[in-house]
Amino acid sequence: MPELLEVETARQALADLALGRIIAAVEAPDAWYLKRGLTAPVLRAALPGRRFVSARRRGKLLLLDTTPAAGDQPGVPDGPTLALHLGMTGRIIVDGHPAGNALLYASDRAHAAWDRFTVRFVDGGFVGLRDPRRLGAVELDPDEDRLGVDAASLTAGDLHASLPRRRGPIKAVLMDQSHIAGLGNLLADEILWRSAIDPARPASSLTAEERRRLARSVRTTLRVLGRRGGSHTGDLMPERQRDGRCPLDGAALRRDTIGGRTSYWCPRHQR
DNA sequence: GATGACCTGTGA
DNA sequence: TCACAGGTCATC
């Protein structure tokens, strides 16, 4: 479950290790993995000869900008932008080393068949996307604005502007990538638990004070769990099971489907 | 806005 | 053996 924090770890690895190296070849053996009309021949025409010049992230989407053409000096992004999505079980591999910790719900083994996409460099190294479950994706020049504000820079003002107009459960709104980008199921549950807000509450029913509390909780949760090592290090995580109990007050946690996802929450202090 | 499909490894 | 994990998209 790579959420914002895991994708950010991958972004840092790419920024540290993948920039400035000349691309030699692209391997895209799984056509289904290429989205929005992209094909392997298009990639092979677009990338070799260029270098990655910056590694960005918007929500859960990784973005690698490239230099204009072969021979041009690195530093000026003017070529196509390669977008990588990790889906549920994707991991970035740089020169054979996986970026970040092993994922929950995903095998930590390496199968050649799981290498869905690889960019090889002239120097012999490579950047790869390994994904057992095939729920990730590769795009070229994606529409970045289909994603909302990145959760890492969310402000109370953003929530004041949007939540009063939204009817759906607050948890579904937090996970709507076109509204706020980067939060997945685990982070959303942890944030709402820390905010003491019932995940099924209509977003429009939150008071201004609750919106402020929620925005603060998004920042705090990302910072704390980021330091601990990822989305799976939340206080609520060990109790995400049947018969789980609230780490705050000991109440029996509820397990409900909210926003289409399994949600754990405390009916005593989340209101 | 809610639901099911996609995909496949894992563990009960 | 089979429910379940869940990010995203198509469809209702």
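It should be emphasised that the depicted structure is a prediction, and the values quoted were computed from it without experimental measurement. Every chain is numbered from 1 and lettered A, B, ... according to where its sequence line falls, protein lines coming before strand lines.
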Exercise for the section: Could you tell me whether a side-chain N or O of A/Q270 sits under 3.5 Å from a main-chain N or O of A/P267, the two making a donor and an acceptor? Expected result: no
Problem - Backbone N/O of A/T233 and side chain of A/R228: donor-acceptor pair under 3.5 Å - result: yes
Practice task
Measure from NZ or CZ of A/R120 to the centre of the six-membered ring of A/F126 and say whether it is under 6.0 Å with the direction within 45° of the ring axis.
Solution key: yes
Please state whether the phosphate of [N], meaning OP1 or OP2, lies under 4.0 angstrom from any side-chain nitrogen or oxygen of [X].
X: A/W114; N: B/dT8; result: no
X: A/T89; N: B/dT8; result: no
X: A/K60; N: C/dT8; result: yes

Practice task
Just call it for A/R36: base, sugar-phosphate, or nothing, with non-hydrogen atoms closer than 4.0 Å on any strand.
Solution key: sugar-phosphate
Practice task
With heavy atoms under 4.0 Å as the rule, sort A/R255 into base, sugar-phosphate or nothing.
Solution key: sugar-phosphate
Nearest-Å distance, [atom1] ([X]) to [atom2] ([N])?
X: A/L135; N: C/dA10; atom1: CG; atom2: P; result: 14 Å
X: A/R58; N: C/dT8; atom1: CZ; atom2: P; result: 13 Å
X: A/L61; N: C/dT8; atom1: CG; atom2: C1'; result: 12 Å
X: A/M175; N: C/dG6; atom1: CE; atom2: P; result: 9 Å
X: A/I258; N: C/dG6; atom1: CD1; atom2: C1'; result: 15 Å
X: A/D131; N: B/dT8; atom1: CG; atom2: P; result: 10 Å
X: A/R240; N: C/dC4; atom1: CZ; atom2: P; result: 14 Å
X: A/R242; N: C/dC4; atom1: CZ; atom2: C1'; result: 9 Å

Fill in the blank from the handout: Closest of C/dA5, B/dA2, C/dC4 to the A/P169 side chain is B/dA2
Fill in the blank from the handout: The nucleotide from B/dT8, C/dT8, C/dG6 with an atom nearest the side chain of A/R134 is B/dT8
Problem - Atom CG of A/D123: over 12 foreign heavy atoms under 6.0 Å - result: yes
Problem - Donor-acceptor side-chain pairing of A/R116 and A/Y33 below 3.5 angstrom - result: no
Fill in the blank from the handout: Result for 5'-nearest mapping on DNA chain B, choosing between A/V173 and A/R261, is A/V173
Problem - Distance-only donor-acceptor test, A/R167 side-chain atoms vs B/dG1 base atoms, 3.5 Å - result: no
